[in-house]
K.L.:
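Could you have a look at this structure, given as structure tokens, before my questions?
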Amino acid sequence: MGVVRLYAVGIDELRDLFSGSPETAARLRALAADAFAPSPTPPERRTLLGKIGGPLMKRPVGAPVRRPGEPTASDLEALLAGHYLPPERLDAGWALVRLWLEDAAWGTFTKELDEASIDELDFALCGGGVEAQFSLRKLFNDRLALPLAAAAGSVSGYVRAGHALGMAEAYRAASGWLDPARSELVGELAAWLGQFDGWAAAAVAAGRPAPDLVALFHQ
């Protein structure tokens, strides 16, 4: 099963994450320190293998444990400087991007969907007269233009707020004639997308750019 993640945030704000801004860097470091604090190892059990293996086979007692794909300090600093991350560190890099998005976005929407479900939904919408430009897959247009390559099984993209509001209107109408299973999802999307005007007003009041619709999908 995949995950669709939608964020209401200015695309330029997201791109600035990689620019080395001191304020942005300090914020992401604080978020990462809280979200990815390594866990201490449990007390070591003495086994026969441990007794004969010598010090090279032992982990120091209390040494922190990091889960696979979890960001390290090196990943964080490379990302903030806009530097290259090797393929095996891309999942960790995108974990940091998602962490920043969840903090900075005016609104977020997350749903478990696989590619087949996205295609089936778009087919149903198109068959009912919804314009193809408002299909869910059109959000993943590879237009983020970030100095971070896509991780395996992932796609991304963004559209402007006007497009998001057009989707909201089309989805609101479609929720009335779609089958019940798809109608619920489309109604949820319409309600979420319909908040962009309010988020834009809040952004102006806060001195921040009006939000765009940033979309991530990971299978």
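Computed over heavy atoms, backbone and side chain alike; hydrogens, waters and symmetry mates excluded.
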K.L.:
Would you say Glu88 has more than 12 foreign heavy atoms packed within less than 6.0 Å of its CD?
P.N.:
yes
K.L.:
Run the salt bridge (Lys or Arg N to Asp or Glu O under 4.0 Å) test against Asp75 and tell me which residues pass, sequence neighbours left out.
P.N.:
Arg89
K.L.:
Could you state the interatomic distance from CE (Met1) to OG (Ser117), rounded to the nearest 0.5 Å?
P.N.:
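Result: 5.5 Å between the selected atoms.
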K.L.:
If two hydrophobic side chains count as joined below 4.5 Å and joins carry through other members, does Trp177 share a cluster with Leu121?
P.N.:
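The answer is yes; both residues are in one hydrophobic cluster.
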K.L.:
Ala161 and Pro211: which non-hydrogen atoms are nearest, and at how many Å?
P.N.:
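So the minimum-distance heavy-atom pair works out to CB-O, 3.4 Å.
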K.L.:
On a heavy-atom basis, which atom in Ala174 and which in Leu125 lie closest, and how many Å separate them?
P.N.:
CB-CD2, 3.7 Å
K.L.:
Rounded to the nearest 0.5 Å, what's the gap from OG1 on Thr24 to CG on Leu17? Could you check?
P.N.:
7.0 Å
K.L.:
Do the side chains of Leu28 and Leu79 get nearer than 4.5 Å, heavy atoms only?
P.N.:
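Result yes, sub-4.5 Å side-chain heavy-atom pair found.
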K.L.:
Return the set of residues passing ring pair (Phe, Tyr, Trp, His ring centres under 6.0 Å) with His218 (not counting sequence neighbours), or none when no residue passes.
P.N.:
none
K.L.:
Count I, L, V, M, F, W, Y as connected when their side-chain heavy atoms are under 4.5 Å apart, and connections chain through other members. Are Leu193 and Tyr158 then in the same cluster?
P.N.:
no
K.L.:
Applying side-chain hydrogen bond (donor to acceptor under 3.5 Å, both in side chains), which residue pairs with at least one partner in residues 120-135 are found, sequence neighbours left out?
P.N.:
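Counting only pairs at least two positions apart or across chains, the side-chain hydrogen bond (donor to acceptor under 3.5 Å, both in side chains) contacts touching residues 120-135 are Glu131-Gln133.
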K.L.:
Rounded at 0.5 Å granularity, tell me how far CD1 in Ile11 sits from CZ in Arg160.
P.N.:
7.5 Å
K.L.:
May I ask you to check whether over 12 heavy atoms, not counting those of Asp142, lie within 6.0 Å of atom CG?
P.N.:
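It does not: Asp142 CG has 12 such atoms or fewer within range.
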K.L.:
How about Val214 and Leu144: do any of their side-chain heavy atoms sit closer than 4.5 Å?
P.N.:
yes
K.L.:
Can you sort out the partners of Glu115 under salt bridge (Lys or Arg N to Asp or Glu O under 4.0 Å), two or more places apart, ordered by chain and number?
P.N.:
Arg137
K.L.:
For residues Pro71 and Leu76, determine if any side-chain heavy atom of one lies less than 4.5 Å from a side-chain heavy atom of the other.
P.N.:
no
K.L.:
For Glu188, check salt bridge (Lys or Arg N to Asp or Glu O under 4.0 Å) against everything at least two apart and list the hits.
P.N.:
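So Glu188 forms a salt bridge (Lys or Arg N to Asp or Glu O under 4.0 Å) with Lys111.
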K.L.:
Check whether Leu216 and Leu146 end up in the same hydrophobic cluster, where Ile, Leu, Val, Met, Phe, Trp and Tyr are linked by side-chain heavy atoms less than 4.5 Å apart.
P.N.:
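Same cluster.
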K.L.:
Identify the two heavy atoms, one from Ala170 and one from Val130, that lie closest to each other, and give their separation to 0.1 Å.
P.N.:
CB-CG1, 4.1 Å
K.L.:
Ala149 and Leu90: which non-hydrogen atoms are nearest, and at how many Å?
P.N.:
O-CD2, 3.7 Å
K.L.:
For a 4.5 angstrom cut-off between non-hydrogen side-chain atoms, does Leu189 reach Leu6?
P.N.:
yes
K.L.:
Which value, rounded to the nearest 0.5 Å, describes the distance between Leu101 atom CG and Glu13 atom CD?
P.N.:
10.0 Å
K.L.:
What pair of heavy atoms forms the shortest contact from Ala104 to Arg208, and how long is it?
P.N.:
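Closest heavy-atom pair between Ala104 and Arg208: O-NH2, 2.8 Å.
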K.L.:
Could you tell me whether the side chain of Ser175 and the main chain of Gly187 form a donor-acceptor pair under 3.5 Å?
P.N.:
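Checked: no pair found.
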K.L.:
Shared ILVMFWY cluster between Trp94 and Val4, side chains joined below 4.5 angstrom?
P.N.:
no
K.L.:
Answer with yes or no after comparing the ring centroid distance for Phe134 and His163 against a 6.0 Å cut-off, counting only values under it.
P.N.:
yes
K.L.:
Which side-chain N or O atoms in residues 196-204 pair as donor and acceptor under 3.5 Å with protein atoms at least two apart or in another chain?
P.N.:
from	atom 1	to	atom 2	distance (Å)
Trp199	NE1	Trp106	O	3.4

K.L.:
Are Tyr7 and Met167 connected into the same hydrophobic cluster when the rule is that any two of I, L, V, M, F, W, Y join if their side-chain heavy atoms are below 4.5 Å apart?
P.N.:
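The answer is no; the residues belong to distinct hydrophobic clusters.
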K.L.:
When you compare the side chain of Glu77 with that of His83, does any pair of heavy atoms fall below 4.5 Å?
P.N.:
no
K.L.:
Phe18 versus Arg15: any side-chain heavy-atom pair under 4.5 Å?
P.N.:
no
K.L.:
Nearest 0.5 Å, what's the CZ-OG distance between Arg5 and Ser154?
P.N.:
9.0 Å
K.L.:
For Gly194 and Ala168, which heavy atoms make the closest approach, and how far apart are they?
P.N.:
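The answer is N-CB, 3.7 Å.
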K.L.:
Rounded at 0.5 Å granularity, tell me how far CZ in Arg27 sits from OG in Ser21.
P.N.:
13.0 Å
K.L.:
Would you say the side chain of Val3 lies within less than 4.5 Å of the side chain of Leu113, judging by non-hydrogen atoms?
P.N.:
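A side-chain contact is absent here, since even the closest heavy-atom pair is not under 4.5 Å.
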K.L.:
Is atom CD of Glu184 surrounded by more than 12 heavy atoms (other residues, nucleotides or ligands) closer than 6.0 Å?
P.N.:
no
K.L.:
Any side-chain heavy-atom pair from Phe217 and Ile118 closer than 4.5 angstrom?
P.N.:
yes
K.L.:
Please step through side-chain contact (heavy atoms from CB on, under 4.5 Å) for the pair Tyr171 and Leu178, ending with a clear verdict.
P.N.:
CA-CA 10 Å; Tyr171 283 23; Leu178 280 168; over 6 Å; no
K.L.:
Has the side chain of Trp100 got a donor or acceptor atom that lies under 3.5 Å from a matching backbone atom of Leu14?
P.N.:
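Between the backbone of Leu14 and the side chain of Trp100 there is no qualifying donor-acceptor contact (under 3.5 Å).
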K.L.:
Judged by atom type as modelled, is there a donor-acceptor pair below 3.5 Å linking the side chain of Ser19 to the main-chain atoms of Asp16?
P.N.:
yes
